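Hydrogens, waters and symmetry mates are skipped; everything else that's a heavy atom, side chains included, is used. Being a predicted model, the structure only gives us computed values, none of them experimental.
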Amino acid sequence: MEIKQTEPAQILACLKEIFASQQLSAIQLAEAATQSISLGAYLAGELVGGIVIKRNYQTAHVSQLAVKPTYQRLGVGRQLLQAGEKQAKERGAKTITLTTCSYQAPLSIKNKDTPVLAN
């Protein structure tokens, strides 16, 4: 798998497709800001998921994270989170936040080897 910088519009289009397939029309996708990090996960050239992280001062917030259902439970989301965390830290973030809702897939953070935003 390859995680790489991707245009925010491309990530948002992919996330909209994923959310639409889950019939979550109430979700309002955040518009990409200049302080955002947008990363896409590609498998065999196909964009299968993405993450958008917004930075405000020294805090980064995962505003969107989604993986196409076919590619869930393969570590795609974990790799997106790790790559996003790394870039947020490189851009000066000291804290990263993430919220979930009951209708979303369970979030399991098992990355105990690397503390979040460790120095």
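Remark: Ile11 CD1 to Leu80 CG distance equals 8.0 Å, nearest 0.5 Å. Considering NZ of Lys54 and CD1 of Ile37, their distance stands at 12.0 Å, rounded to 0.5 Å. With rounding to the nearest 0.5 Å, the separation of CD in Glu90 from CD in Glu85 is 11.0 Å. Taking CD from Gln87 and CD1 from Ile3, the interatomic distance works out to 10.5 Å, rounded to the nearest 0.5 Å. Atom-to-atom distance recorded for Leu81:CG and Ile51:CD1 is 4.5 Å, nearest 0.5 angstrom. Summarising the geometry, atom OG1 belonging to Thr70 is positioned 8.0 Å from atom CD belonging to Glu46; distances are rounded to the nearest 0.5 Å.
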Checklist entry - Checking side-chain contact (heavy atoms from CB on, under 4.5 Å) for the pair Tyr42/Met1: CA distance, chi angles, key distance, verdict? => result CA-CA 6 Å; Tyr42 294 84; Met1 176 181 331; over 6 Å; no
Next on the checklist: Apply side-chain contact (heavy atoms from CB on, under 4.5 Å) to residues Leu43 and Tyr71 and explain how you reach the verdict.
Outcome noted: CA-CA 9 Å; Leu43 284 170; Tyr71 299 97; 3.5 Å; yes
Checklist entry - Hey, mind stepping through Ile53 and His61 against side-chain contact (heavy atoms from CB on, under 4.5 Å) and telling me if it holds? => result CA-CA 5 Å; Ile53 300 173; His61 178 72; 5.8 Å; no
Checklist entry - Is there a side-chain contact (heavy atoms from CB on, under 4.5 Å) between Gln10 and Ser38 once you walk through the steps? => result CA-CA 9 Å; Gln10 193 174 3; Ser38 302; over 6 Å; no
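Using a distance-only test at 3.5 Å, with no hydrogens or angles considered, a donor-acceptor pair links the side chain of Thr6 to the main chain of Lys4. For the pair Lys68 (side chain) and Leu47 (backbone), a donor-acceptor distance under 3.5 Å is present. Using a distance-only test at 3.5 Å, with no hydrogens or angles considered, a donor-acceptor pair links the side chain of Ser63 to the main chain of Val52. Without hydrogens or angle criteria, Gln72 side chain to Val67 main chain gives a donor-acceptor distance under 3.5 Å.
Within 6.0 Å of CD in Gln5 there are more than 12 heavy atoms belonging to other residues, nucleotides or ligands.
For the residue pair Ala41 and Val76, the shortest heavy atom distance occurs at CB-CG1, 3.6 Å. The two residues Gly49 and Cys14 have their closest heavy-atom pair at N-SG, 4.1 Å.
Counting heavy atoms from C-beta on, the side chains of Thr97 and Val62 never come closer than 4.5 Å.
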